[in-house]
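The block underneath contains the structure these notes are about, expressed in structure tokens.
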Amino acid sequence: MEKLKRYIKECVSTPWDYIYIAELFLIFVLVLSLVRGRSLWYDEAFSWNIIHKSYSEIVYYTSRDVHPPLYYFILKFFTDIFGDSRYVCHLVSAIPFMATLVFAGAFIGKRFTGEARVVVTLLMLSAPAVMLISTEERMYSWAELMLMISFVLSVRLAEKREVHGFLWEWVGLGISDALAAYFHYFAGAVAIVISVLLMIYLLIYSDKRLFHLKYWVTANLISVVLYLPWLSVFFLQLSDVKGGYWIEKFSPADIPGYLKVLFGDDVVMFCLLALLAAAAVVMILMSGSGKSVMIPVGGILVTLLYMALGITISILVTPVFHRRYMVLAAPIFWLSVGLAFYLKPQRAVRIALAAVAVAAFIGSYRFVYDYRVREYTIYNYLNKNMDEDDVILSNNMHVAGQMSVCFPDTDEYIAREALEDEVFKYWDEITPICFYDDPGEIATDDTVWLLIRGKDETLSRQMEDMGYEVTYCGKKTAGDHLKSIKVKVYRCKR
């Protein structure tokens with residue numbers, strides 16, 4: 001007990017420590033306000049549906065998808081205990097998201113000032129994509145946590161000149177790298193970049209190169225051994241993706257999309273944060289050499305090299321690098337950018353950085369809150385107007401997937417041909433959605449709610465031909481990746 005008291009006293013010893021604790025509490029409360037939102041999109045609908053399968057079935061279906069299974073195991077484990085509500089599913093992502101901030105904060109607090117910890121933590125939430133994607137019912141926050149652990153361990157190992165006494169850090173690095181790849185393949189790519197940069201640094205600056213190289217090889221062997229059970233599946237998935245994938249061929253016009261994940265879609269905020277990143281590079285150049293410089297240099301290099309690697313894979317192998325995958329390196333990037341301003345801190349610079357961090361955080365939270373809570377009008381409208389025995393009919397798999405989560409007890413129909421354009425061909429096996437070959441199979445006297453995405457009005461005309469009175473109810477908002485989409489809603493009655 002005395003040791004615990006001393007530890008707490010050491011952790012909370014300055015006013016900045018109290019501010020940091022209050023900041024974390026505020027962030028957690030705001031994150032809770034986001035996870036109550038009803039908005040979701042196609043991939044989140046996949047997550048919710050697949051957890052209702054057994055663990056062996058999860059392995060089967062994910063092996064036919066494009067992601068590894070570890071996140072789905074964790075999500076199923078928690079939802080089996082606490083229920084499958086959307087709130088629980090979001091919390092499973094929100095907790096590692098907060099853990100990433102706490103872990104990074106602990107690292108900053110030991111190496112820099114309490115002020116740096118407060119400001120840089122806010123800066124890590126400056127891009128809306130980070131807060132949005134990291135609290136989705138997806139694997140990104142877990143992958144970010146593993147990558148932050150790998151980055152911090154790599155910094156610690158790069159700084160140590162001793163050969164012995166750090167075996168567990170090397171083992172931890174090998175485990176965190178493997179876990180990152182089990183959460184997301186491109187998280188594995190970030191881990192590879194971190195590992196290669198660590199090796200290069202040790203080869204250049206270490207006095208005991210061969211010994212450090214031995215430990216580095218050991219850590220990577222641990223990662224490979226841990227990943228062997230899934231490696232064959234990865235190559236099968238890669239082979240399938242080469243045969244055709246939904247991501248379009250890379251062009252230089254895609255680069256701004258990657259950068260928008262780091263800096264935001266809003267033009268003003270994009271320019272402000274991009275200038276901040278450029279100023280961080282200037283601060284690094286002005287600071288000269290030293291151990292502390294390695295941290296921002298390493299984090300920025302990790303992000304840039306990761307983006308270059310993703311683009312290279314898309315060009316040379318097959319287009320697989322989507323812009324949202326940039327979020328995996330975003331926490332490390334903004335940690336590094338923020339710390340660059342504390343290499344040789346000047347009062348005016350620190351005040352300006354704090355102002356930008358606060359403004360960016362507020363803007364980021366407002367964007368995500370509007371998307372999650374305010375803009376998902378299709379759920380609010382149907383929830384208010386649908387009767388218990390009503391039926392949902394859609395022409396789009398993305399919309400149908402969302403409705404299967406929002407209204408799991410409602411009969412829902414979609415044409416089987418809608419699966420033809422989907423990478424994952426097994427939606428009819430993991431969801432309660434009814435896939436029909438002929439609209440005449442929808443035999444009901446109850447109201448049918450017709451949801452149409454796009455300009456094709458074939459379904460509305462078919463419903464009229466079947467004797468339904470079709471009434472247009474307007475366009476409602478549904479979810480999509482980093483944006484909202486418009487869906488036309490029709491009420492069809494006999």
Side-chain angles (χ1 to χ4, degrees), residues 41-47 61-69 71-72 127 129-130 132-134 136 138-140 143-144 147 180-194 196 227 230-265 270 301-330 332-333 396-398 401 417-427 453-454 479-483 485:
W41 67 295
Y42 182 73
D43 285 19
E44 290 181 282
F46 177 88
S47 298
Y61 287 116
T62 52
S63 68
R64 283 149 180 78
D65 189 34
V66 291
H67 292 298
Y71 164 73
Y72 304 116
V130 174
L132 176 60
I133 298 176
S134 300
E136 287 180 345
R138 299 296 288 161
M139 67 287 294
Y140 294 96
E144 290 164 2
L147 291 173
Y182 268 117
F183 283 116
H184 198 289
Y185 292 133
F186 273 100
V190 179
I192 290 172
V193 172
I194 294 172
V196 170
Y227 211 72
W230 191 254
L231 200 58
S232 61
V233 178
F234 165 73
F235 285 117
L236 285 173
Q237 290 175 324
L238 183 61
S239 177
D240 290 341
V241 167
K242 284 184 179 179
Y245 198 48
W246 62 271
I247 297 179
E248 296 180 0
K249 185 178 179 181
F250 171 79
S251 75
D254 295 329
I255 294 177
Y258 299 138
L259 297 179
K260 284 180 179 179
V261 175
L262 296 176
F263 304 128
D265 282 313
F270 182 97
L301 276 178
V302 164
T303 307
L304 296 178
L305 291 175
Y306 163 60
M307 184 170 72
L309 177 60
I311 291 172
T312 302
I313 293 172
S314 287
I315 294 173
L316 298 182
V317 183
T318 190
V320 290
F321 189 55
H322 194 274
R323 69 169 186 148
R324 70 172 166 269
Y325 300 162
M326 284 299 298
V327 80
L328 294 166
I332 294 174
F333 176 78
N396 181 266
M397 194 61 237
H398 288 236
E417 64 185 22
L419 277 177
E420 293 178 2
D421 297 328
E422 299 301 319
V423 175
F424 184 74
K425 305 294 186 182
Y426 301 89
W427 272 99
R453 182 181 180 183
D480 200 1
H481 171 62
L482 294 178
K483 62 184 179 184
I485 58 174

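The model shown is predicted, which means the values in this text are computed figures rather than measured ones. Below, each value reflects all heavy atoms present in this structure, side chains not excepted, and no hydrogens, waters or symmetry copies.
Here the shortest heavy-atom pairing between A180 and L147 reads CB-CD2, 3.9 Å. Contact between P252 and P256 at its shortest, heavy atoms only, is O-CD, 3.7 Å. For G401 against A45, the heavy-atom pair with the smallest separation is O-CB, 3.2 Å. Between P68 and A181 the shortest heavy-atom distance is CG-O, 3.4 Å.
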| request: Please report the C-alpha distance between F321 and F250 in whole Å, then the side-chain angles of each, then the deciding distance to 0.1 Å, and finally whether the side-chain contact (heavy atoms from CB on, under 4.5 Å) criterion is met. | output: CA-CA 9 Å; F321 189 55; F250 171 79; over 6 Å; no
| request: Give the intermediate values and the outcome of side-chain contact (heavy atoms from CB on, under 4.5 Å) for residues D480 and R453. | output: CA-CA 12 Å; D480 200 1; R453 182 181 180 183; 3.5 Å; yes
| task | Go through the steps to decide whether W41 and I485 satisfy the test side-chain contact (heavy atoms from CB on, under 4.5 Å), and finish with yes or no. | result | CA-CA 10 Å; W41 67 295; I485 58 174; over 6 Å; no
| task | Could you check Y140 against L328 for side-chain contact (heavy atoms from CB on, under 4.5 Å), going step by step and ending with a plain yes or no? | result | CA-CA 7 Å; Y140 294 96; L328 294 166; 3.7 Å; yes
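Below 30°, between 30° and 60°, or above 60°: for W427 and Y42 the angle between ring planes is between 30° and 60°, a tilted geometry. H184 and H67 have tilted rings, their planes meeting at an angle from 30° to 60° on a 0 to 90° scale.
In this structure, the separation between CD on E144 and CE on M139 is 12.0 Å, given to the nearest 0.5 Å. The CD atom of Q237 sits 7.0 Å away from atom CG of D65, with the distance rounded to the nearest 0.5 Å. The CD1 atom of I311 sits 8.0 Å away from the CG atom of D254 when rounded to the nearest 0.5 Å. The distance from atom OH of Y258 to atom OH of Y325, rounded to the nearest 0.5 Å, is 10.5 Å. For the atom pair CG of L262 and CZ of F270, the computed distance is 8.5 Å after rounding to the nearest 0.5 Å. Here the straight-line distance linking atom CZ of F263 with atom CE of M326 works out to 8.5 Å at 0.5 Å rounding.
The closest side-chain heavy-atom distance from I332 to Y306 is not below 4.5 Å. No side-chain heavy atom of F186 sits under 4.5 Å from any side-chain heavy atom of R324.
Using modelled atom types, no side-chain atom of S239 and backbone atom of F235 make a donor-acceptor pair closer than 3.5 Å. Side-chain atoms of R138 come within 3.5 Å of backbone N or O of D43 as a donor-acceptor pair.
Listed by chain and number, the residues in a side chain to side chain donor-acceptor pair (under 3.5 Å) with T303 amount to none (sequence neighbours excluded).
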